Amino acid sequence: MKKILITSALPYINGIKHLGNLIGSQLPADVYARYMRARGNKVLFICATDEHGTPAELAAIEKKETVEKFCEKMWNIQKNIADGFSISFDYFGRSSSQQNHELTQHFATKLWENGFIEEVNENQFFSKEDNRYLPDRYITGTCPSCGYEKARGDQCENCTKQLQPTDLIDPSSTISGSRSLEIRKTKHLYLKQSELKNKLDDWISKKDDWPILTKSIAKKWLHNKEGLKDRGITRDLSWGVKVKKNGEAWKGFENKVFYVWFDAPIAYIAATKEWSENNSNQEWKKWWITDQGADEVYYVQFMAKDNIPFHTLSFPATIFGSGENWKLVDYIKGFNWLLYEGGKFSTSEKRGIFMDVALKIFPADYWRWWLLTNAPENSDTNFTWDSFQNTINKDLADVLGNFITRVTKFSLAKFGSKIPKCNDYGVLETKTINEIELLYEKYNNFLTKIEIRKASQELRNMWVVGNEYLQKAQPWSILKKDKTKAKMIIRFSFHLINLYSLISEPFIPDSCEKIRKNFGLQKKTEWPERLEKVFDNLTDENDMHSPNILFPKITDSEKEGFKEKFSGS
RNA sequence: GGGCGAGUAGCUCAGUUGGUUAGAGCAGAGCGCUCAUAACGCUUUGGUCGCAGGUUCGAGUCCUGCCUCGCCUACCA
């Protein structure tokens, strides 16, 4: 038994996430968590909302709510949606928690003591009308380079030139449109990542097993022309973690908060602490502090590629710089983008499918299956309705669902509502078990290595074996001459169904639960080392209930309707 | 411009340290079965592995150049 800590990237609080966000972190993390639990490991699967920053404040203003209230509401919504997709978090916390405030301040204090934080004077735009400092991208003006009138303070979208907000001609606030902006001197804390560059480089260089995507992004940031840059970790906002040192206000930073990217990853630790304290224990230390047990933990992070720099560099820099015994990540699984019908998912243009809407139109397992079998592990993946329909109808309805239906209906019609007795297996059954055993081993290997697509293919291959078996065994014709043997075949088939309901659980947990319920199969168990065991463990008293269609097919007209509906504004 | 990745059957992809006739799923064709969500099973048609050179007894797999696509990053001389 191993201890495995799993975190998925924190979803930002300002809105409902789309399917790309789901497959980029929470969903594959859930597969891994479910698998590792099923294999008898001690798993802790943690996530939280990322709540601080200007976008959250603005979203709250738009909704005419206080930012606290807004975040609480959105946290609930995001939590419910995650539940809707059966994401098996052990704890879903919030970056705004008391624990995160304290830990963030603690890290800042340690970094300061160790000389990895410095105070830097900067000029920044202040909008009188909005009564706030404006982040670069919230300033609009004319691009000095190409004359485009709606260039943002960080970049001109027209000519792609990188800009400083002070470069803009006739700048205005994106929030209010106000032109009464002034440049104010303000002081910020910088994390001296550059001084930790070699340490980070050494650390990453040793990670031979990391995916190319993860390592190449990290290496690029370390070795580009300017090297690893120091980064500002404070902002002039009110919503966030107050800048404190040793628990007291940090002189000169009384009205500032830490920048989200600094406090967000710390929230992995803080959320674990929340979880722990809710249970009135100190378990969290065993997961996060190396000399208190965490050195035995295998820690895996899941995220989309845009988050990789923070997890390979910034957060480790925070941990290294603290000089304390915090657990570092052991493996980072990064994902590419999910595209929608060849283009990008777009919140503003309402293009693509969002998590709340997805749950309203199809069961979670449909989405899980398609997304996981097509996980953007090696390159961007394109979601199309045609592919979705085809994959679901073929894999879930025809291969798995129909196998279950044909066994069930036959058994009900010929033998009644009890699963027939008779474990007197013959050559064909042994052969079938052996065949699945081979696939099962591959499946386990892929899941261990977090190769989601490949694992899903092996799972499907195991489902196919069920249909092949029935075709060869032909219980419908055997029944005419040897009723006992027909019973044996059907019982064996039920054992296959039982097996599928166990091992498919990381991918389609809701359906697996439904299957077990419908057939009165035994409670969920750990996965066996050897499969023979599973083919022996149905009791004689299992009833089957409503043989409803488990996976209704997606019709052409449904598909066409959704294509139209989600094509964007 | 630089960095990274990808270009393999109609489509989506897999191809481990270079080794005998290049694989899977879907789609197509034929046959079989009738328990089943017209589902399933078996057989089968598709590939000069982006292009051109090179290394090697032998390259989809290594090297060089080029072309196309995607992502990241920078516009410095």
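Just so we're on the same page: letters track the sequence lines, and every chain starts at 1. If you're wondering where the values come from, they're calculated on a predicted model, not measured in any experiment. Values below: all heavy atoms of this structure, side chains included; hydrogens, waters and symmetry mates excluded.
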- Query: Under a 3.5 Å cut-off for both distances, is A74(B) Watson-Crick or wobble paired, and to whom?
  - Reply: none
- Query: Heavy atoms under 4.0 Å, any strand shown: does F403(A) hit a base, just sugar-phosphate, or nothing?
  - Reply: nothing
- Starting at atom CD1 of I204(A), determine the distance to atom P of C4(B), rounded to an integer number of angstrom. 16 Å
- Roughly how many Å is it from NZ in K553(A) to P in A38(B), rounded to a whole number? 6 Å
- Message: Suppose we define a pair by two distances each less than 3.5 Å, Watson-Crick or G-U wobble; what does G53(B) pair with here?
- Response: C63(B)
- Item | Paired nucleotide for U17(B) [Watson-Crick or G-U wobble; both distances under 3.5 Å] | none
- Message: By the rule that syn is within 90° of 0, classify the base conformation of G70(B) as syn or anti.
- Response: anti
- Determine the Euclidean distance between corresponding P atoms of G5(B) and G23(B); express it in Å to zero decimal places. 28 Å
- Paired nucleotide for A24(B) [Watson-Crick or G-U wobble; both distances under 3.5 Å]: U12(B)
- Message: Over all strands shown, is D380(A) touching base, sugar-phosphate only, or nothing at heavy-atom distances under 4.0 angstrom?
- Response: sugar-phosphate
- Message: Would you say that I233(A) contacts T318(A) through its side chain, given a criterion of any heavy-atom pair below 4.5 Å between the two side chains?
- Response: no
- Item | Atom-pair distance (CG on N402(A); P on U37(B)), nearest Å | 7 Å
- Task: Could you measure between the two C1' atoms, the one in U55(B) and the one in G70(B), and give it in whole Å?
- Result: 31 Å
- Item | Audit row: F566(A), Y340(A), ring-ring contact (aromatic ring centres under 6.0 Å, His included) steps and yes/no | CA-CA 10 Å; F566(A) 295 104; Y340(A) 179 78; 7.3 Å; no
- Task: Under 4.0 Å between any heavy atoms, over every strand shown, what does N382(A) touch: base, sugar-phosphate, or nothing? Just pick one.
- Result: nothing
Every protein N/O lying under 3.5 Å from an N/O of nucleotides 23-26 of chain B:
| residue | atom | partner | partner atom | Å |
| --- | --- | --- | --- | --- |
| G25(B) | O3' | R460(A) | NH2 | 2.9 |
| C26(B) | OP1 | R460(A) | NH2 | 3.3 |
| C26(B) | O2' | N390(A) | OD1 | 3.0 |

- Quick one: do E429(A) and K472(A) make a salt bridge, cutoff under 4.0 Å? no
- Query: Which base, if any, makes a Watson-Crick or G-U wobble pair with A6(B), both distances under 3.5 Å?
  - Reply: U68(B)
- Taking for K344(A) and for K472(A) the nucleotide of RNA chain B with the nearest heavy atom, the one nearer the 5' end belongs to K472(A)
- Rounded to the nearest Å, what distance is computed from the CD atom of residue E458(A) to the P atom of nucleotide A14(B)? 14 Å
- Query: For C4(B), does OP1 or OP2 lie under 4.0 Å from any side-chain N or O of K305(A)?
  - Reply: no
- Quickly work out the K449(A) NZ to A14(B) C1' distance and round it to whole Å. 13 Å
- Message: Please give the distance between the P atoms of C75(B) and G18(B) as a whole number of Å.
- Response: 41 Å
- Taking atom P in both U16(B) and G10(B), compute the distance separating them and give it to the nearest angstrom. 22 Å
- Task: Please work out if K414(A) contacts a base, only the sugar-phosphate, or nothing of the nucleic acid, heavy-atom cut-off 4.0 Å.
- Result: nothing
- Per-pair stack call W476(A) and C35(B), 5.5 Å, 30°: yes
- Query: Just one of L396(A), L371(A), L372(A) clears the side-chain contact (heavy atoms from CB on, under 4.5 Å) bar with F507(A), so which one?
  - Reply: L372(A)
- Item | Pairing partner (Watson-Crick or G-U wobble, both distances under 3.5 angstrom) of G47(B) | none
- Query: Do R516(A) and E513(A) meet the salt-bridge criterion of a basic N to acidic O distance under 4.0 Å?
  - Reply: no
- Within 6.0 angstrom of E560(A) CD, more than 12 heavy atoms from elsewhere: yes
- Message: Could you tell me how far apart D398(A) (CG) and G41(B) (C1') are, to the nearest whole angstrom?
- Response: 13 Å
- Message: Taking the minimum atom-to-atom distance to the side chain of A397(A), which one of C40(B), C71(B), U37(B) wins?
- Response: U37(B)
- C42(B) pairs with, by Watson-Crick or G-U criteria that keep both distances under 3.5 Å: G30(B)
- Item | Residue met sooner reading RNA chain B from 5', once E468(A) and W337(A) are mapped to nucleotides | E468(A)
- Answer for the Watson-Crick or wobble partner of G58(B), both distances under 3.5 Å, is none
- Message: Say we look at C42(B) and C49(B): how far apart would their C1' atoms be, to the nearest angstrom?
- Response: 29 Å
- Say you pick atom C1' in C66(B) and the same atom in A24(B); how far apart are they, in whole Å? 32 Å
- Task: Tell me yes or no: between the side chains of W369(A) and T391(A), is some donor less than 3.5 Å from an acceptor?
- Result: no
- Check the distance between U73(B)'s C1' and D306(A)'s CG and give it to me in whole angstrom. 15 Å
- Task: Give the nucleotide from the list C40(B), A14(B), A39(B) with an atom nearest to the side chain of N378(A).
- Result: A14(B)
- Pairwise C1' distance for A77(B) and U68(B), with rounding to whole Å: 29 Å
- Whole-Å C1' distance, G47(B) and G60(B): 11 Å
- Message: Does K333(A) qualify as a cation-pi partner of Y331(A), given the criterion of NZ or CZ under 6.0 Å from the six-membered ring centre and within 45 degrees of its axis?
- Response: no
- Return the value, rounded to whole Å, for the distance between atom OH of Y469(A) and atom C1' of A36(B). 16 Å
- With a 6.0 Å cut-off on ring centres, are F562(A) and F362(A) close enough? yes
- Among U37(B), G41(B), C35(B), the one nearest any side-chain atom of L470(A) is C35(B)
- Message: So, using ring-ring contact (aromatic ring centres under 6.0 Å, His included) as the criterion, who are the partners of F403(A) when residues are at least two apart?
- Response: Y500(A)
